[in-house]
Student: 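This is the structure, below, for whatever I ask next.
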Protein chains: 4
Amino acid sequence: MAGPHPSTTDSRHTPRGRIDKRNAILEAAFAVFARDGYAKASVDAIADAAGVAKPTVYNHFGGKEGLFRQAVSTTAERATARSLAVVHGLGSDVDDLAHALREVGYRLLLCYTSEEAWALRRLLHAEISRFPDVFDTVRGSGPDQFSEALADRLARLALAGRLRLEDPVRAAEQFVALLTGPVEGRSALGTRPVSDQELRDTVAAAVETFTRAFAVPRGRLGDGPSSGQEAAL
Amino acid sequence: MAGPHPSTTDSRHTPRGRIDKRNAILEAAFAVFARDGYAKASVDAIADAAGVAKPTVYNHFGGKEGLFRQAVSTTAERATARSLAVVHGLGSDVDDLAHALREVGYRLLLCYTSEEAWALRRLLHAEISRFPDVFDTVRGSGPDQFSEALADRLARLALAGRLRLEDPVRAAEQFVALLTGPVEGRSALGTRPVSDQELRDTVAAAVETFTRAFAVPRGRLGDGPSSGQEAAL
Amino acid sequence: MAGPHPSTTDSRHTPRGRIDKRNAILEAAFAVFARDGYAKASVDAIADAAGVAKPTVYNHFGGKEGLFRQAVSTTAERATARSLAVVHGLGSDVDDLAHALREVGYRLLLCYTSEEAWALRRLLHAEISRFPDVFDTVRGSGPDQFSEALADRLARLALAGRLRLEDPVRAAEQFVALLTGPVEGRSALGTRPVSDQELRDTVAAAVETFTRAFAVPRGRLGDGPSSGQEAAL
Amino acid sequence: MAGPHPSTTDSRHTPRGRIDKRNAILEAAFAVFARDGYAKASVDAIADAAGVAKPTVYNHFGGKEGLFRQAVSTTAERATARSLAVVHGLGSDVDDLAHALREVGYRLLLCYTSEEAWALRRLLHAEISRFPDVFDTVRGSGPDQFSEALADRLARLALAGRLRLEDPVRAAEQFVALLTGPVEGRSALGTRPVSDQELRDTVAAAVETFTRAFAVPRGRLGDGPSSGQEAAL
DNA sequence: CATGAATGAGTATTCATTCAT
DNA sequence: CATGAATGAATACTCATTCAT
């Protein structure tokens, strides 16, 4: 007998079909918004790209604004998850600290320079005045979590005696700034390719500066070699 | 008594009037573009804001695109000039290096966080895919000059024995990144006010990290406070 | 009692309604184009005249150009059909050849001098440089078919021994030229009325000249070929 | 002594300069109107083509309408003069009538198919509803004169016993119709080239038909009027 | 619910025409 | 008189949104 659950290929009137369509719309919407910007993107183009009729978009998301919010939020969450995973990979019991930071830094930079991430940032910059709430949403679910997580890891490294820092949040900000700042200009906000070597160089330089400023040297003796720095504070 | 010759404020049909009108259009255009973005900004609104008729805009700039290019370029040049002036104020014979860097950093951050600068960056981010050439123009006449100038100053400080750095360009990038990176998120891309104290704190933290990483300690005696850092190299 | 099913005059949102709207647009478009010329005709005016909204015009025809092509082609086809029907009414077994030619000629001239036909020709003349393809389309589906059909009939009359001619196509051209040429100037390209008598006179004169040049005289006896014509004068 | 009449090269403030400019404007105007049609032609383009400033056009002709009237009238007069000269070349004492008619017909057809003449007719057709008076002016000073002149010549030929016709005006109309009618379609209203051979063939066919219908045969004997025509085939 | 069709509002651009010089 | 500059009016085209099916 015919199973009561519809086949996955028959998308008509099935919850699965609805979800598929919803996701297709969201994906198409982000692509079109990223390509054309909010104002120039047309709901027609999005509906076409998603393979649905225009009113379907309205049924699902209420209108262009709602669609934008959802599309950006969804993409931002995905991006945040990736970055968080990288940060969580940074333990406090590493052997070679600089090496570990380079590893994490490189992976973070890969996230940061992904096509999707650039598009996301360009969209946020472009539409922040029209959609301040979207920025807040993304920020709250994204960079803030991320920043906190990174600050946590740095704090643990400080507790483990590997870093000497007062304000882990500030240090996290600076670590990220050292990583990403130089790339922003060189890649023309993501519109021009940056070689992997350039990425690695940037990471190396960032970690070099960061460790010079914050790392506790590991002498054979356990005594604090850089006590002078503490005095400098 | 008022002379019979038209006062300079009577701008009708004088060459001066033409220039005045051109500048008024450019100013209004940047304001409207910054507020609404390129696509949503209407030439009507710009003409109204500038107090001229719409065709006058077309006579002067050929169309919306040309107007955008000119408005952004002009504003960018102004902004660049300000930043350059600040950098040029950084001498190599300073007494208190950290203090000097804080001074320069603070002034740079003021430039960076001016309303105009935020608007400029938001516009560039938003429209870089539609106007890649504008980004190049602005970049060439702006940040690149600025970066070079800052790198020059840092190189001189290195020659003067005050900084220990291999790649002045990289160091300049990092200095700027440490200054501006943390502010970007805190001010929500310039849409929310940042207290002067927060600015100063950011500058202090940036300079602290920078000097820790790059400054040569200055003791009369050889007992540098941060001799540990030298060891760390 | 009124049936619950919508009457055929209720054209809203029914396929019939769509076709009605399409036809209304075409009709209005031709009228406006004919009145104002392509450049001065406004899509607004056409939409108004058709009783639809402007975007509906764009949905159906893509733009002003497409609308022009369709409107002209459609009208031309209608006009051609009328002329063809007249030509097909010219048999080769007529008793009184001159009478038959006058009959056909008069009917053709009625077609030629209809308001619609004048408007069509004026439009084609006016816009042939902007729409050479429209001229070709109309020509191919119109005058060429028409000319061929007339040439066919004349050829049959020649075979039937009623006409003496070498080149039926040329003869058809000349027959049409004799009919229409004199009317063109007298009616000021259709902008001034021509009396029915003037039409009939023109037809008579055209047929007179044509038969003098091409008709085989029909004496009871096989004698002198054109003596009858002289008598007719 | 310096001559009181300004040199022809100094066009400033001289009557000659004014006239030169006026003619330059008229020429440019006709060219642009012919190319773009009245509505699409821009005064700017005309002024540019004439090498003058826009207000100069207004000073000379009052506006676009006046300019159109003058440009078309002037060109039409030139064209009429040419055709009239051809007609005046048709004497009544010709030896070979058919030959003479072919000669005149060919020259008339050359006038008719000149680029300028096509442009003129296209313009008149296009704008007759907007400028009925222009049509009248042109018609009065052009085709009417021309038609009268041709009718005169035919009448003289009739008086000289060479043609047998009742209504010379009608005959003139028909002669022109036989000449020009077939060319109109073949050349796509002048937008496609017609070979000289085709022109000559058309002339020959027109004259053949015309003489068959109207020429008085010139046998040594007074025998059958059109027998010679049959021999001519 | 998904859809084809229709619409009202809005935008960039062009152009004939007019000043003040 | 000829000109550079400015303008008011008009136009083709687009798009977010909504019905009726």
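Quick note: numbers below take in every heavy atom, side chains included, and nothing from hydrogens, waters or symmetry partners. Proteins get letters first, then strands, A, B, ... in listed order; numbering begins at 1 in each.
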Student: Could you tell me whether the side chain of D:Arg122 and the main chain of D:Ala34 form a donor-acceptor pair under 3.5 Å?
Tutor: no

Student: What is the distance, to the nearest angstrom, from the CZ atom on C:Arg22 to the P atom on E:dG4?
Tutor: 18 Å

Student: Without decimals, in angstroms, what is the distance between A:Phe61 CZ and F:dA16 C1'?
Tutor: 16 Å

Student: May I have all residue pairs that pass side-chain hydrogen bond (donor to acceptor under 3.5 Å, both in side chains) and include part of residues 37-52 of chain C, sequence neighbours excluded?
Tutor: C:Asp44-C:Lys54

Student: Can you check whether A:Thr56 has a side-chain N or O nearer than 4.0 Å to OP1 or OP2 of E:dT3?
Tutor: yes

Student: A side-chain contact here means heavy atoms from C-beta on lying under 4.5 Å apart; do A:Glu27 and A:Asn23 qualify?
Tutor: no

Student: Can you give me the dot-bracket string for DNA chain E, 5' to 3', counting Watson-Crick and G-U wobble pairs with both distances under 3.5 Å, using [ ] for crossing pairs and | for partners on another strand?
Tutor: .||||||||||||||||||||

Student: Does E:dA2 have OP1 or OP2 under 4.0 Å away from a side-chain N or O of A:His60?
Tutor: yes

Student: Between C:Phe131 and C:Leu124, is there a side-chain heavy-atom distance shorter than 4.5 Å?
Tutor: no

Student: CG of B:Asn59 versus P of F:dT7: gap in Å, rounded?
Tutor: 9 Å

Student: Rounded off to whole Å, could you give me the CG-to-P distance for the C:Asp20 and E:dA6 pair?
Tutor: 11 Å

Student: Is C:Lys21 reaching over with its side chain to a backbone N or O of C:Ala50, donor-acceptor style, under 3.5 angstrom?
Tutor: no

Student: Send over the distance from D:Ile46 CD1 to E:dT17 C1', rounded to a whole Å.
Tutor: 14 Å

Student: Within the 4.5 Å heavy-atom criterion, are C:Phe33 and C:Ile46 side-chain neighbours or not?
Tutor: yes

Student: Any ion pair linking B:Asp133 and B:Arg69 (charged N to carboxylate O, less than 4.0 Å)?
Tutor: yes

Student: In whole angstroms, how far is the C1' atom of E:dA2 from the NZ atom of A:Lys21?
Tutor: 6 Å

Student: Using a cut-off of 4.0 Å between protein heavy atoms and nucleotide atoms, how would you tag nucleotides 9-16 of chain E 5' to 3' with B, S and -?
Tutor: -B-SBBBB

Student: Take the protein atom CZ of A:Arg130 and the nucleotide atom P of F:dA16, then report the distance between them rounded to whole Å.
Tutor: 12 Å

Student: Any salt bridge between C:Arg78 and C:Glu116, counting N to O under 4.0 Å?
Tutor: yes

Student: If you round to the nearest 0.5 Å, how far is CG of C:Leu26 from OG1 of C:Thr74?
Tutor: 5.0 Å

